[in-house]
Amino acid sequence: MTGAPAVLAHGVGGRQDLPITLPQLVVAAALTLVVTFLALGLLWREPRLDRDATGGRPVPEPLARLVDAPAFRWVLHGLGLLAAGWFCLGLLAGPDTPDNPTAGVLYVLLWVGLVPVSLLLGPVWRAVNPLRTAHVLAALAARRDPERGLRELPAGLGLWPAAVALFGFVWLELVAPDRATLPVITAWLAGYAVLMLAGAALFGAGWFDRADPFEVYSALVGHLAPVGRAADGVLVWRNPLDGIAGLRPRPGLVAVVIVLLGSTMFDSLSNAPAWLRFSQENGLPPVVTGSAGLILVIAAVAAAYLVTTGAATRIGRVGPAGADARGLPGELAHSIVPIAVGYLVAHYYSLLILEGQRTVALLSDPLDTGANWFGTAGWEPHTGLVTPSGVATLQITVIILGHLLGTLLAHDRALYLFPRARAVTGQLPLLALMVAYTVAGLLLLYAG
């Protein structure tokens, strides 16, 4: 698709649009985290967050009945199937031109749009996932329980399939050659659909919870939503921090959050002039340079996290004699989620607003026949919400807020895990990690 540059172009803010100089911003952000850490150490001395998801205020009964009604759930399934069918119309029969909305739907409305929707409503993709619905319908037609497969899911599998699939998607989005063209998108989605449906047939519907990158991505972000399920399944209004504190460790969780954070950092790096010059002058194919860069950035983020949590374990003396550091990375993975969300919002806000409007306009006529099915054809993107200074301010705000929330979540969890006498000192490596992530994120975001 010749319109790929428009789809893949991200923020409009830059150094010149910052309210203060970049060095001042970096120092201020680091000091903000340090001051917050000191305040938490003095004022937040007991665990306060609901890590067992037992709290919350039940939503009004009519709303709960509506959301839990089988008919409502099937309406959502149906809407997901209809949307997928309309998408496939453009994917399989639309022109390979900038007027095809396919790339915008996948990379903007789905990937980026899932963040604000999940922040508001919770794990929405699970309710509308067309592949999950197709599996359920096939199982019902065969008179089989959709939850049961030919084999049991391995107990230690956890979220590792989703981590691998998520890496596959971010590689497609950030590195793959011609990634906005219809053949490339079709090939990736075909492989994704085969893996998801084959896994569901083998292991049952639970495969989607562990392997579908969009479901797991939406569920992670959805833990920060103000609405969720209590431990007994009741729909409740809740403190979003209680929601994310209820994210329990499981195999592969750390890998998922690190891929999310590392891939967004690489996206910022890949737009920096220094990286662009290196990619053009090193003599290697761009896909090789891009793949190596993506892997190295994710590996660096992972190494920093694992080294830091290992140091925190030794200082805080988690477990008998402080010996076992293997459990702490999973226990603290929830604190990385708001940081990753902050980077996603900062990096993709302008893309969602501008390219999202353009994609919605094109959805009225995915075949480019001159039709106007939804009355949106001819829309011109409204740019009032996207100004350079406004975007720069938003980026600063959400990045720092994400790290502040991460610091708070790590502090509260440390009060559960560390002996009281070492609860604060055990967090010093975590504070250093938060400062390092903040500085690196700001420098990468404004590297141009």
For the [atom1] atom of [X] and the [atom2] atom of [Y], what is their distance to the nearest 0.5 Å?
{"X": "L25", "Y": "I400", "atom1": "CG", "atom2": "CD1", "answer": "5.5 Å"}
{"X": "T308", "Y": "L428", "atom1": "OG1", "atom2": "CG", "answer": "11.5 Å"}
{"X": "L220", "Y": "L260", "atom1": "CG", "atom2": "CG", "answer": "6.5 Å"}
{"X": "L81", "Y": "L76", "atom1": "CG", "atom2": "CG", "answer": "11.5 Å"}

Going by the rule side-chain hydrogen bond (donor to acceptor under 3.5 Å, both in side chains), which residues pair with [X] if we only count those two or more places apart in sequence or in a different chain?
{"X": "N372", "answer": "S364"}
{"X": "E331", "answer": "R51, R413"}
{"X": "Q427", "answer": "H411"}
{"X": "T133", "answer": "H77"}

Pairs of donor and acceptor atoms involving the side chains of residues 119-127, under 3.5 Å and at least two apart or interchain, shall be tabulated with distances.
from	atom 1	to	atom 2	distance (Å)
R126	NE	D209	OD1	3.0

Quick one: do the D412 and W44 side chains pair a donor with an acceptor below 3.5 Å?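 Looking only at side-chain atoms, W44 and D412 do form a donor-acceptor pair, the distance falling under 3.5 Å.
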
Consider only side-chain N and O atoms of Y343 and D267, and report whether a donor and an acceptor are under 3.5 Å apart.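 No donor-acceptor contact under 3.5 Å links the two side chains.
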
Which pair of non-hydrogen atoms, one from [X] and one from [Y], has the smallest distance, and what is that distance?
{"X": "T309", "Y": "P329", "result": "OG1-CG, 3.5 Å"}
{"X": "P101", "Y": "T359", "result": "O-CG2, 3.8 Å"}
{"X": "L89", "Y": "P366", "result": "CD2-CG, 4.2 Å"}
{"X": "I315", "Y": "T425", "result": "CG2-O, 3.5 Å"}
{"X": "S350", "Y": "V391", "result": "CB-CG2, 4.5 Å"}
{"X": "I339", "Y": "G402", "result": "CG1-O, 3.5 Å"}

Quick test of your reading: applying salt bridge (Lys or Arg N to Asp or Glu O under 4.0 Å), list the pairs with at least one residue in residues 290-303, sequence neighbours left out, ordered by first then second residue.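 For residues 290-303, and leaving out neighbouring residues, there are no salt bridge (Lys or Arg N to Asp or Glu O under 4.0 Å) pairs at all.
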
Could you check if a side-chain atom of [X] sits within less than 4.5 angstrom of a side-chain atom of [Y], using non-hydrogen atoms only?
{"X": "S335", "Y": "M434", "answer": "yes"}
{"X": "V398", "Y": "Y349", "answer": "no"}
{"X": "L443", "Y": "V26", "answer": "yes"}
{"X": "D212", "Y": "V216", "answer": "no"}
{"X": "P58", "Y": "L235", "answer": "no"}
{"X": "L33", "Y": "L404", "answer": "yes"}
{"X": "L241", "Y": "L405", "answer": "yes"}
{"X": "I185", "Y": "L106", "answer": "yes"}

Hey, which of L92, L363, L82, L189 is the one that makes side-chain contact (heavy atoms from CB on, under 4.5 Å) with F87?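 So, applying the side-chain contact (heavy atoms from CB on, under 4.5 Å) to F87 and each of L92, L363, L82, L189, only L189 qualifies.
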
What do the steps show when you test R179 against W188 for side-chain contact (heavy atoms from CB on, under 4.5 Å), and what is the final call? CA-CA 10 Å; R179 50 193 175 273; W188 191 92; over 6 Å; no

Counting distance only, does the side-chain N/O of T383 pair as donor-acceptor with the main-chain N or O of V386 below 3.5 Å?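 Side chain of T383 to backbone of V386, a donor-acceptor pair under 3.5 Å: no, none is there.
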
Counting only N and O atoms by type, is there a donor-acceptor contact under 3.5 Å from the side chain of T376 to the main-chain atoms of V360?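 Here the side-chain-to-backbone pair exists.
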
Under 6.0 Å from the ring centre and within 45 degrees of the ring axis: does the NZ or CZ of R210 meet both conditions for the six-membered ring of W207?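 Judged by the rule (NZ or CZ under 6.0 Å from the ring centre, within 45° of its axis), R210 is not positioned above W207.
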
Which atom pairs, one a donor and one an acceptor, fall under 3.5 Å between side chains of residues 139-162 and the rest of the protein, sequence neighbours left out?
from	atom 1	to	atom 2	distance (Å)
D145	OD1	E147	N	3.0

List the steps and the verdict of side-chain contact (heavy atoms from CB on, under 4.5 Å) for F37 and T32. CA-CA 9 Å; F37 172 78; T32 300; over 6 Å; no

List for me each residue that meets ring pair (Phe, Tyr, Trp, His ring centres under 6.0 Å) alongside F374, sequence neighbours excluded, and say none if there are none.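 Once residues adjacent in sequence are excluded, the partners of F374 under the ring pair (Phe, Tyr, Trp, His ring centres under 6.0 Å) criterion are W86.
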
Steps toward side-chain contact (heavy atoms from CB on, under 4.5 Å) verdict (Y305, L332): CA-CA 10 Å; Y305 180 72; L332 294 175; 3.5 Å; yes

Report all side-chain donor-acceptor pairs from residues 108-118 shorter than 3.5 Å, counting only partners two or more places apart or in another chain.
from	atom 1	to	atom 2	distance (Å)
S118	OG	L114	O	2.7
S118	OG	S218	OG	2.8

Give a yes or no on whether a salt bridge exists between E215 and R132, defined as a side-chain N under 4.0 angstrom from a carboxylate O.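 A salt bridge links E215 with R132.
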
Given Q357 and H382, is the side-chain contact (heavy atoms from CB on, under 4.5 Å) satisfied, shown in steps? CA-CA 8 Å; Q357 292 180 75; H382 176 67; 3.5 Å; yes

Can you list everything that forms a salt bridge (charged side-chain N to carboxylate O under 4.0 Å, His left out) with R65? Sequence neighbours excluded, please.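 Only E61 meet the salt bridge (charged side-chain N to carboxylate O under 4.0 Å, His left out) criterion with R65.
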
Which residues share a side chain to side chain contact (heavy atoms under 4.5 Å, CB included) with V175, sequence neighbours left out: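 So V175 forms a side chain to side chain contact (heavy atoms under 4.5 Å, CB included) with W171, F266, V287, S291, L294.
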
Could you check Y217, Y192, F214 and say which one makes a ring pair (Phe, Tyr, Trp, His ring centres under 6.0 Å) with F169?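 The residue from Y217, Y192, F214 that satisfies ring pair (Phe, Tyr, Trp, His ring centres under 6.0 Å) with F169 turns out to be F214.
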
Would you mind writing out the side-chain donor-acceptor pairs for residues 67-74 within the sub-3.5 Å range, not counting sequence neighbours?
from	atom 1	to	atom 2	distance (Å)
D68	OD1	R229	NH1	3.0
D68	OD1	R229	NH2	2.7

